[in-house]
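See below for the structure under consideration.
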Amino acid sequence: MLQTNGRHAFLVMSRSYSHQLNFLLEQLDYSDNSIYLHVDKKAKSNGTNLYYPKHASIHEIDREDVNWAAFSLVKVELSLLKEASKDGPYEYYHLLSESDLPIKSNAKIHEYFEDKDIEFVNIESINQKNDIRRIKYFFPLQEKAGKKHGTYWAMQKILMYIQMILHINRLKGNNFKLYAKGSEWFSITDDFVNYILSQEKVILKVFNYGQATDEMFIQTLLMNSSFKDKISNVSQGNLRFIQWKKGNSPQVLIYPEDAKKMVSSECMFARKFNFNTGNELMRKIAELRK
């Protein structure tokens, strides 16, 4: 293992400059932390000044226009990993959004990951037909389609059926035997980060023009490499405390009385929060995790 001096890299993807983002940055302000921040290019300044940590270093990367379930998410993740790896090695690299919070103190987070050689990645499914379809066919309008079932969504659906009739299969010729899907958020080692970056051409070929490939590319690389022997067990997953609602989406956490349950869980981070409705809960967590 490379000498990391116990340093950790936190890769933060944010939709805006906001009080919520600043609150997260404050919680990560620790001398052995380095923060790498991407803010969506669409985000407009709302008069909120970015919080600059007093102890952690912070690095803003070039802003990209990021869209739901589109390859732009993968591009930003790769950019964050590249930028952090230049300053590495780090003991662990943690991908977070501005909707996340650490629910353990920085000291406890560092202590937990010390001398571990485990890839904390969530694997929900392997070789499921619906997952494979995301990358078997072209979804060239995904950057415009978004969440709403509008014109672009309908056009893309029709295009997919045309590809099915024509027996299009983008996956022919690649070496993957397993196609895995799971939560986008992770905590991974320096060795695995370097492996991911070495596979950039493969990622571009297989996952570009796919649909929601931010939930597949890390998992698929992991399951088709020697790192699969180092994946976390099911109970650990990606160490994120999440309460799910119908539709397989994270429920917004708002109740202050739940803070103790979160902080005392085996997880290191929790999602998802909304500063406007969960301000009291977020502050309670910050108080308990000290």
Determine the minimum heavy-atom distance between [X] and [Y], stating which atoms define it.
X	Y	value
Tyr17	Glu60	OH-OE1, 3.0 Å
Ile285	Ile103	CG2-CG2, 3.9 Å
Thr220	Leu178	CG2-O, 3.4 Å
Asp29	Lys54	OD2-N, 2.8 Å
Tyr36	Leu80	O-CD2, 3.5 Å

[X] side chain to [Y] side chain, donor-acceptor N/O pair below 3.5 angstrom:
X	Y	value
Gln211	Gln142	yes
Asn33	His110	yes
Ser72	Glu143	yes
Ser34	Ser57	yes
Ser187	His94	yes

Within 6.0 Å of [atom1] in [X], more than 12 heavy atoms from elsewhere:
X	atom1	answer
Asn233	CG	yes
Lys228	NZ	yes
Lys42	NZ	yes
Tyr255	OH	no
Tyr152	OH	no
Arg15	CZ	no
Glu266	CD	no
His19	NE2	no

[Y] reachable from [X] in the ILVMFWY side-chain graph, under 4.5 Å edges:
X	Y	result
Val121	Phe207	yes
Leu37	Leu81	no
Val252	Phe23	no
Ile123	Phe217	yes

Mark yes or no: Lys116 above the aromatic ring of Tyr112, with NZ or CZ under 6.0 Å from the six-membered ring centre and no more than 45 degrees from the axis.
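Yes, Lys116 lies over the aromatic ring of Tyr112.
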
To which residues is Met164 joined in a hydrophobic cluster, defined by side-chain heavy-atom contacts under 4.5 Å among Ile, Leu, Val, Met, Phe, Trp and Tyr, whether direct or through other members?
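Its cluster mates, by chain and number, are Tyr137, Phe138, Phe139, Ile158, Met160, Tyr161, Ile162, Leu166, Ile168, Tyr209.
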
Does the ring center of Phe120 lie less than 6.0 Å from the ring center of Phe113?
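Yes, close enough.
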
For salt bridge (Lys or Arg N to Asp or Glu O under 4.0 Å), just list the numbers for Lys108 and Glu111, CA-CA rounded to whole Å, side-chain angles, deciding distance to a tenth of an Å, and then say yes or no.
CA-CA 5 Å; Lys108 287 182 179 178; Glu111 181 182 356; over 6 Å; no

Please lay out, stage by stage, how Arg271 and Asp100 fare under the test salt bridge (Lys or Arg N to Asp or Glu O under 4.0 Å).
CA-CA 5 Å; Arg271 72 184 319 268; Asp100 300 345; 2.7 Å; yes

Under the side chain to side chain contact (heavy atoms under 4.5 Å, CB included) test against Met13, which residue among Leu73, Asp40, Leu96 passes?
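Looking at Leu73, Asp40, Leu96, the match for Met13 under the side chain to side chain contact (heavy atoms under 4.5 Å, CB included) is Leu73.
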
For Phe176, is there any backbone N or O sitting under 3.5 Å from a side-chain donor or acceptor partner on Asn224?
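No; zero donor-acceptor contacts below 3.5 Å.
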
Could you go step by step and tell me if Lys181 and Glu124 meet the salt bridge (Lys or Arg N to Asp or Glu O under 4.0 Å) rule?
CA-CA 6 Å; Lys181 180 185 82 73; Glu124 291 178 4; 2.8 Å; yes

Is the ring pair His8/Phe10 parallel, tilted or perpendicular, if the boundaries are 30 and 60 degrees?
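Ring orientation, 0 to 90° scale: parallel.
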
Fit a plane to each ring of Tyr93 and Tyr90, take the angle between them on a 0 to 90° scale, and name the class: parallel (under 30°), tilted (30 to 60°) or perpendicular (over 60°).
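Tyr93 and Tyr90: perpendicular rings.
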
Listed by chain and number, what are the side-chain contact (heavy atoms from CB on, under 4.5 Å) partners of Glu26, not counting sequence neighbours?
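With sequence neighbours excluded, Glu26 shows a side-chain contact (heavy atoms from CB on, under 4.5 Å) to Tyr51, given in chain and number order.
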
Ionic contact status for Glu280 with Arg283, cut-off 4.0 Å
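Salt bridge between Arg283 and Glu280, a charged N being under 4.0 Å from a carboxylate O: no.
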
Could you grab the distance from atom CD1 of Ile109 to atom NZ of Lys104, nearest 0.5 Å is fine?
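It comes to 8.5 Å.
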
